[in-house]
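None of these values were measured; they are calculated from a predicted model.
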Amino acid sequence: MDGAALKGTIGCGGLGVLAVWVERAEPVIGFWPLACVVMVPFIAFLFVRRGELSDRTVDVVHTATIFWYLAMLGASAVHIGLRGPTPQDAFFAFFMALGLWPCVSAARGLLRR
């Protein structure tokens, strides 16, 4: 997968999750801790690459990253359902769906190994 496409899509996904949660979680934990939590998949895919670390380490980190992102998507869907959807949620969902692309691509690569 092209590095720029990977960075862009997982970054967009993180921004979508952040947008869904910022109103609710910011008063509790603050913006920057929340931003750090939702950007973990972006950072993991950005810095943990084959050729720089052992294949086993990359596989473990990418697998954990995929589950982390899927958990955030699930939590976001539950959050939207509990608070009631807003008009901008469709826009945020588009961004979150973009973030699925690198996760699916990485999962396909892991399954082929």
Practice problem: Please report the shortest heavy-atom distance between Val37 and Met72, naming the atom on each side. | Solution: O-SD, 3.9 Å
Self-check item: Thr65 versus Ala44, closest heavy-atom pair with distance
Solution: OG1-CB, 3.1 Å
Quiz item: So, the side chain of Tyr69 versus the backbone of Met96: is there a donor-acceptor pair under 3.5 Å, distance only?
Solution: yes
Quiz item: Can Arg50 and Asp55 be said to form a side chain to side chain contact (heavy atoms under 4.5 Å, CB included), step by step?
Solution: CA-CA 6 Å; Arg50 297 200 187 285; Asp55 286 349; 3.5 Å; yes
Exercise. Would you list the pairs meeting side-chain hydrogen bond (donor to acceptor under 3.5 Å, both in side chains) in which at least one residue belongs to residues 16-28, sequence neighbours left out?
Key: Trp21-Ser76
Exercise. Treating Ile, Leu, Val, Met, Phe, Trp and Tyr as nodes and any side-chain heavy-atom pair under 4.5 angstrom as an edge, say whether Phe42 and Val58 lie in one connected cluster.
Key: no
Self-check item: Pairwise distance CG(Leu18) to CZ(Phe95) - rounded to 0.5 angstrom
Solution: 12.0 Å
Quiz item: Which residue pairs pass the salt bridge (charged side-chain N to carboxylate O under 4.0 Å, His left out) test when at least one of the two sits in residues 88-102, sequence neighbours left out?
Solution: Arg83-Asp89
Exercise. Treating Ile, Leu, Val, Met, Phe, Trp and Tyr as nodes and any side-chain heavy-atom pair under 4.5 angstrom as an edge, say whether Leu70 and Val20 lie in one connected cluster.
Key: yes
Quiz item: Which of these passes side-chain contact (heavy atoms from CB on, under 4.5 Å) with Thr57: Leu53, Val60, Asp59?
Solution: Leu53
Quiz prompt | Common cluster, Leu98/Phe91, ILVMFWY with side-chain heavy-atom separation under 4.5 Å | solution = yes
Self-check item: Heavy-atom pair with the smallest gap, counting every atom of Leu34 and Val22
Solution: CD2-CA, 3.7 Å
Self-check item: For Val48 against His62, the heavy-atom pair lying closest together
Solution: O-NE2, 2.8 Å
Quiz item: Is there a path from Val38 to Ile29 through hydrophobic residues (I, L, V, M, F, W, Y) whose side chains come within less than 4.5 Å of each other?
Solution: yes
Practice problem: Please check if Trp32 and Val17 belong to a single hydrophobic cluster, counting links between Ile, Leu, Val, Met, Phe, Trp and Tyr side chain heavy atoms closer than 4.5 Å. | Solution: yes
